[in-house]
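As structure tokens, the structure follows; a few thoughts come after it.
All figures in this text were calculated on a predicted structure; none of them were measured in a lab. Whatever order the structure lists ligands and atoms in, that order sets their numbers, starting from 1.
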Amino acid sequence: MSETAKISIQGKEIELPLVIGTEKEVAINISDLRSSTGAITLDIGYKNSGATTSEITYLDGEKGILRHRGYAIEDLAENSSFIEVAYLLIHGELPNQTQLDEFDTNIRRHTLVNEDMKNIFEAWPTGSHPMGQLIAMISSLSSFYPESLDRENYESQKLLNIYRLLAKMPTICAMIFKKSLGHPIIYPQNKLDYVSNFLNMTFKHVTEDYEIDPVMVDALNKLLILHADHEQNCSTSTVRLVGSSHSNLYASVAAGVAALWGPLHGGANQEVIEMLELIKKDGGNVEKWVNKSKDKNDSFRLMGFGHRVYKNFDPRAKIIKKACDEMLNKLGVNDPTLEIAKKLEEKALGDEYFIERKLFPNVDFYSGILYRAMGFPVEMFTVLFALGRLPGWIAQCHEMREHKQPIGRPRQIYTGYPYRPFVKRSDRP
Ligand code: SDX
């Protein structure tokens, strides 16, 4: 099979090398296209363009496959802890017990944040969105750890920055939640595992003990694993692009949080629950809302449905849907929005519009139902997505640096005015 692609353009013919992936994916390496032909490619939204090679995550959108460093998401969700998957994503191998213990211990040592970070909360207007706070709080870590800005010490600082960010993220997320309630902050307890510590900081109150429920620990571990990485999605591409200018890790991840906030991306999990509540309030008429989502003159879209890559099913949605049933039963929670979600899924999957466009439930469709059953308010859902995605962002950003990739700087095709002479203000109409 030819390992090149022939392109004939405006009378020139060139051959460009193919890049063949582990699973036989094929890309045309167009690095020499412009120098050879003067032409560039144009792919609005990068629907058909690869930004990089990567060894971290493999997706097959047609077959509904998701693997991290070769391991199937189903196996990881069933058998690993979130911290173990974080190690796998960042270091490339599943840790043995010694490696896992060392990684876990290093993270536990850095769970406290600088006390002065509490002052930042004084500035937030009441009710400000947790994602806006999270962007600022993560970026502020570079102020509390200015040595992270020292480019000369990137390698020597790398592991410390990874431990600090992984360790402080749950503390910051819990602080944001507590502050939204006007409650005192609960400090991390390093004797607790990662997820138990986060649940304790989030739900314990200073006046009473909080029983950490193993059912919730298991469900949240699974949810965080399912969000841990997803190759070159919008927020991860943002982290890599910001990191490619050699911005520090905290600033790069803060940019990723900003991208994740969008309702078309991670913000969808909040939108899904608000959509289900709207349909419930409207009497649960799913047919009406499915039809509205198909109407081009109506801005309503079925949130939690569709995906840029998955054109069959999102394997994460299948796992979360099953966990929803199991956990709500174990917690004795009867959430009518789950029934509406199932009816909506059934209706949409039988509808020609959705079938033709290969629109299936994605990771955000059921996750909010689980988060709410755990006691999180809807405004915290995308913060939880960011907590899960953090190790993926870290791994991807470091892979970009380790591959010594150049600063990302896409080209464009200009479609504005040709040259025109300057017009003095007095001569303007
Ligand atoms: C995440 O990339 C990742 O990996 C992301 C993510 C991750 O883990 O990082 O998986 C997490 O972001 C999941 C997606 C969460 N977003 C939502 O659930 C928002 C609702 N979904 C859509 O906005 C949309 O499906 C996207 C943004 C997810 C994907 O958009 P694309 O790939 O740009 O597809 P498109 O908008 O061009 O849609 C193709 C067609 C259009 O109709 P036509 O113009 O062909 O007639 O499908 C229609 C769209 O109108 N369509 C929908 C729809 N999604 C797409 N119609 C109704 N409801 C929807 N949800």
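Using a 30° and 60° split on the angle between ring planes, Phe305 and Phe354 fall in the perpendicular class, above 60°. Classified by interplanar angle (parallel below 30°, tilted 30° to 60°, perpendicular above 60°), the ring pair Trp289/Phe300 is perpendicular.
For atom 33 (O) of ligand 1, a protein non-hydrogen atom is found at a distance below 4.0 Å. Note that atom 30 (O) of ligand 1 has no protein non-hydrogen atoms nearby, at separations under 4.0 angstrom. Counting only heavy atoms, the protein gets under 4.0 Å from atom 47 (O) of ligand 1. By the definition of a contact as any protein heavy atom under 4.0 Å away, atom 17 (C) of ligand 1 is in contact.
In terms of heavy atoms, Asp43 sits closest to Asn48 at OD2-N, 2.5 Å.
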Quiz prompt | Test side chain to side chain donor-acceptor pair (under 3.5 Å) applied to Ser54 and Glu399, step by step | solution = CA-CA 8 Å; Ser54 179; Glu399 180 181 69; 2.6 Å; yes
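Of the options Glu271, Arg301, Lys311, the smallest heavy-atom separation from atom 57 (C) of ligand 1 is shown by Arg301. Closest to atom 45 (O) of ligand 1 by heavy atom, among Glu356, Arg357, Met275, is Arg357.
Looking at ligand 1, you won't find any N or O of Phe385 less than 3.5 Å from one of its N or O atoms. The shortest N or O to N or O distance between Gly304 and ligand 1 is below 3.5 Å. Considering backbone and side-chain atoms together, Phe305 places an N or O closer than 3.5 Å to an N or O of ligand 1.
Screening Tyr145, Tyr250, Tyr154 for a side chain to side chain donor-acceptor pair (under 3.5 Å) involving Asn161 leaves a single residue, Tyr250.
In terms of protein heavy-atom proximity, atom 23 (O) of ligand 1 is closest to Leu264 CD2, 3.3 Å.
Under a 4.0 Å N-O distance rule, the pair Glu346/Lys343 does not qualify as a salt bridge.
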